[in-house]
A.B. asks: 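Sending over a structure as structure tokens; questions will come in a sec.
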Amino acid sequence: MRQKSAKKRRCGVLERIVILALLAVLLVSAFMLAQYYFTSATEKAANSALAEQVDTDAEYEMDEDGVLLRYESLWEQNSDMAGWLSIEGTVIDYPVMYTPEDPEHYLHLGFDGSYAKSGCLFIGDGSGPDASNIIIYGHHMKDNTMFGSLVDYSTEAFREEHPIIRFDTLYELREYEVVAAFYYDMDNDDFPYYRYTDLSDETLFEEYLDGLTRYNLYAGDIDAACGDQLLTLSTCSYHTDDGRFVVVARRVTE
């Protein structure tokens, strides 16, 4: 009897330990989920506040230094800002940062320099706001912010409905027409698209175009030629462990 009683007590203690462990896991999970939603909401609000500061009434007006008045206030707050990227039909409506000495400086920093999980959009290594191929990187956030909605361009239907990407620099209003989109596996890496930052050489451009054609999700020829300025948007993709989703557009305004 005493053995049965001791065994029963041990079982009771074990059950309580298991229940307490499960409760601890539940509480930690609930805390992490609440923290995620709080962070997401906070960063969304901060980015919305930035968009509200764009002076849309001053479309073509410039200051004495040639800076577009629509972006002057933001640029005065942070001179690392190189321009503004927006795509109709998505939530993409953000400043683009440029720090050539440390290209990934804003990977996990907000516009104000504080820590931000979603970071900022930024121009990548070797590229620039006036490069022949401007490569802009952004996080693929699960709350659809930053480049979370970029994958919408995986279908030709979306491309046809929203063919234009707007990337204004501090000095110019620019529009680009989407010409290609593709998924990529960095582990394979037989077409290092991120290295083609200077496409002014015709041979190099044809090499790039060949790789782009092989991966392009859209049917038909790619409407781009050497001398065109390209805009490349790159983000992570979850179709493979080290995947990317990339959209390429050709400038259509001068």
Side-chain angles (χ1 to χ4, degrees), residues 39-63 65-131 133-141 143-150 152-153 162 164-176 178 197 229-236 246-247 249 251 253:
T39 300
S40 174
T42 301
E43 293 181 10
K44 277 183 181 179
N47 287 317
S48 294
L50 294 175
E52 289 173 2
Q53 294 182 57
V54 175
D55 186 358
T56 54
D57 292 330
E59 184 76 3
Y60 299 101
E61 298 174 55
M62 298 179 176
D63 67 12
D65 297 317
V67 175
L68 291 163
L69 293 184
R70 64 187 287 121
Y71 303 120
E72 185 181 45
S73 174
L74 288 165
W75 178 70
E76 287 175 347
Q77 294 173 49
N78 190 335
S79 60
D80 288 339
M81 176 179 165
W84 192 275
L85 184 77
S86 58
I87 304 177
E88 188 179 346
T90 75
V91 299
I92 299 171
D93 192 26
Y94 303 115
V96 177
M97 314 307 283
Y98 179 50
T99 51
E101 300 303 316
D102 181 15
E104 295 187 358
H105 181 71
Y106 285 91
L107 186 66
H108 289 297
L109 291 180
F111 187 81
D112 64 357
S114 63
Y115 175 80
K117 186 175 182 180
S118 59
C120 287
L121 304 184
F122 62 90
I123 296 176
D125 188 21
S127 188
D130 294 308
N133 186 13
I134 307 164
I135 304 181
I136 298 176
Y137 296 91
H139 288 296
H140 184 165
M141 301 303 294
D143 63 3
N144 215 37
T145 57
M146 292 299 136
F147 276 168
S149 57
L150 192 64
D152 290 345
Y153 277 110
H162 307 283
I164 299 299
I165 294 174
R166 180 166 177 167
F167 172 57
D168 298 335
T169 68
L170 294 173
Y171 310 100
E172 288 185 306
L173 302 176
R174 298 177 179 178
E175 290 186 344
Y176 298 78
V178 175
T197 55
Q229 185 182 61
L230 301 184
L231 175 69
T232 298
L233 311 181
S234 177
T235 192
C236 288
V246 184
V247 173
R251 187 173 176 179
T253 58

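Bear in mind that the values here come from a model prediction, so they are computed numbers and not experimental data.
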A.B. asks: So with a 6.0 Å cut-off around OH of Tyr60, is the heavy-atom count from everything else above 12?
C.D. replies: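 Open: at most 12 neighbouring heavy atoms sit under 6.0 Å from OH of Tyr60.
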A.B. asks: Using the rule given for side-chain hydrogen bond (donor to acceptor under 3.5 Å, both in side chains), can you reason through Asp80 versus Tyr98, listing the C-alpha separation, both sets of side-chain angles and the distance that settles it, and then say yes or no?
C.D. replies: CA-CA 6 Å; Asp80 288 339; Tyr98 179 50; over 6 Å; no
A.B. asks: Could you check whether any side-chain heavy atom of Thr90 comes within less than 4.5 Å of a side-chain heavy atom of Leu150, counting everything from C-beta outward?
C.D. replies: no
A.B. asks: Is Glu59 salt-bridged to Arg166, cutoff N-O under 4.0 Å?
C.D. replies: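 Answer for the salt bridge query: yes.
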A.B. asks: Testing Leu231, Thr232, Thr235 for side-chain contact (heavy atoms from CB on, under 4.5 Å) with Ile136, which one passes?
C.D. replies: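 The option that passes is Leu231.
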A.B. asks: Which pair of heavy atoms, one from Cys120 and one from Gly110, lies closest together, and at what distance?
C.D. replies: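 Closest approach of Cys120 to Gly110: SG-C, 3.6 Å.
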A.B. asks: Supply the atom-to-atom distance Glu88 CD to Ile164 CD1, rounded to the nearest 0.5 angstrom.
C.D. replies: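 So the CD of Glu88 and the CD1 of Ile164 are separated by 10.0 Å.
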A.B. asks: List the atom of Thr145, the atom of Val91, and the distance in Å for their closest heavy-atom pair.
C.D. replies: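 Minimum heavy-atom contact is CA-CG2, 4.2 Å.
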A.B. asks: Between CD of Glu104 and CG of Leu109, what distance do you get to the nearest 0.5 Å?
C.D. replies: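 CG of Leu109 is found 11.5 Å from CD of Glu104.
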A.B. asks: Could you check whether any side-chain N or O of His140 sits under 3.5 Å from a backbone N or O of Cys236, counting only pairs where one atom can act as donor and the other as acceptor?
C.D. replies: yes
A.B. asks: If you compare all heavy atoms of Ile165 against all heavy atoms of Ala249, which two are closest, and at what distance to 0.1 Å?
C.D. replies: CD1-CB, 4.4 Å
A.B. asks: Hey, does the side chain of Glu43 reach the backbone of Ser118 with a donor-acceptor pair shorter than 3.5 angstrom?
C.D. replies: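 Confirmed, Glu43 side chain pairs with Ser118 backbone.
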A.B. asks: Assess whether side-chain contact (heavy atoms from CB on, under 4.5 Å) is satisfied between Leu68 and Trp75, documenting all intermediate values.
C.D. replies: CA-CA 10 Å; Leu68 291 163; Trp75 178 70; over 6 Å; no
A.B. asks: Which is it for Ile92 and Ser86 under the side-chain contact (heavy atoms from CB on, under 4.5 Å) test, yes or no, and what are the steps along the way?
C.D. replies: CA-CA 5 Å; Ile92 299 171; Ser86 58; 5.9 Å; no
A.B. asks: Can a donor-acceptor pair be found between the side chains of Tyr171 and Asp130 at a distance below 3.5 Å?
C.D. replies: no
A.B. asks: For His162 and Asp152: C-alpha separation, side-chain torsions, deciding distance, then whether side-chain contact (heavy atoms from CB on, under 4.5 Å) applies.
C.D. replies: CA-CA 10 Å; His162 307 283; Asp152 290 345; over 6 Å; no
A.B. asks: State, yes or no, whether a side-chain contact exists between Met146 and Tyr94 at a heavy-atom distance under 4.5 Å.
C.D. replies: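 Yes; the side chains approach each other to less than 4.5 Å.
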A.B. asks: Answer yes or no: is there a side-chain heavy-atom contact under 4.5 Å between His139 and Leu107?
C.D. replies: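 The answer is yes; the side chains approach within 4.5 Å.
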A.B. asks: Looking only at heavy atoms, which two atoms of Asp168 and Arg174 are closest? And how far apart?
C.D. replies: OD1-N, 2.9 Å
A.B. asks: Search all heavy atoms of Pro129 against all heavy atoms of Ile134 and return the closest pair with its distance.
C.D. replies: O-CD1, 3.3 Å
A.B. asks: Could you give the distance from CE (Met97) to CD1 (Ile123), rounded to the nearest 0.5 Å?
C.D. replies: 10.0 Å
A.B. asks: Taking only Lys NZ, Arg NE, NH1 and NH2, and the carboxylate oxygens of Asp or Glu, determine whether Asp143 and Lys117 approach each other closer than 4.0 Å.
C.D. replies: no
A.B. asks: Between atom CD of Glu172 and atom CZ of Phe167, what is the distance when rounded to the nearest 0.5 Å?
C.D. replies: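 Taking CD in Glu172 and CZ in Phe167, the distance rounds to 10.0 Å.
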A.B. asks: Indicate yes or no: at least one non-hydrogen side-chain atom of Trp84 is less than 4.5 angstrom from one of Asp93.
C.D. replies: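 The answer is yes; the side chains approach within 4.5 Å.
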A.B. asks: Measuring centre to centre across the rings, with the benzene-like ring taken for any Trp, is Tyr137 within less than 6.0 Å of Phe122?
C.D. replies: yes
A.B. asks: Is there a side-chain contact between Pro95 and Leu121, using heavy atoms and a 4.5 Å cut-off?
C.D. replies: no
A.B. asks: According to side-chain hydrogen bond (donor to acceptor under 3.5 Å, both in side chains), does anything in residues 47-58 pair up with another residue at least two apart or in another chain? List the pairs.
C.D. replies: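 Qualifying pairs: Gln53-Gln77.
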A.B. asks: Would Ile87 and Leu233 satisfy side-chain contact (heavy atoms from CB on, under 4.5 Å), going step by step from the backbone distance to the final call?
C.D. replies: CA-CA 11 Å; Ile87 304 177; Leu233 311 181; 4.0 Å; yes
A.B. asks: Measure the spacing between CD of Glu61 and CD of Glu72 and express it to the nearest 0.5 Å.
C.D. replies: 10.5 Å
A.B. asks: So, Tyr176 and Gln229: side-chain donor and acceptor under 3.5 Å apart, yes or no?
C.D. replies: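 Indeed, the side chains of Tyr176 and Gln229 share at least one donor-acceptor pair under 3.5 Å.
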A.B. asks: Once salt bridge (Lys or Arg N to Asp or Glu O under 4.0 Å) is applied, do any residues pair with Asp125, and if so which ones, sequence neighbours excluded?
C.D. replies: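 Here no residue qualifies.
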A.B. asks: Measuring from Ser149:OG to Phe147:CZ, what's the distance to the nearest 0.5 Å?
C.D. replies: 9.0 Å
A.B. asks: Taking side chain as C-beta onward, heavy atoms only, is Asn78 less than 4.5 Å from Tyr106?
C.D. replies: yes
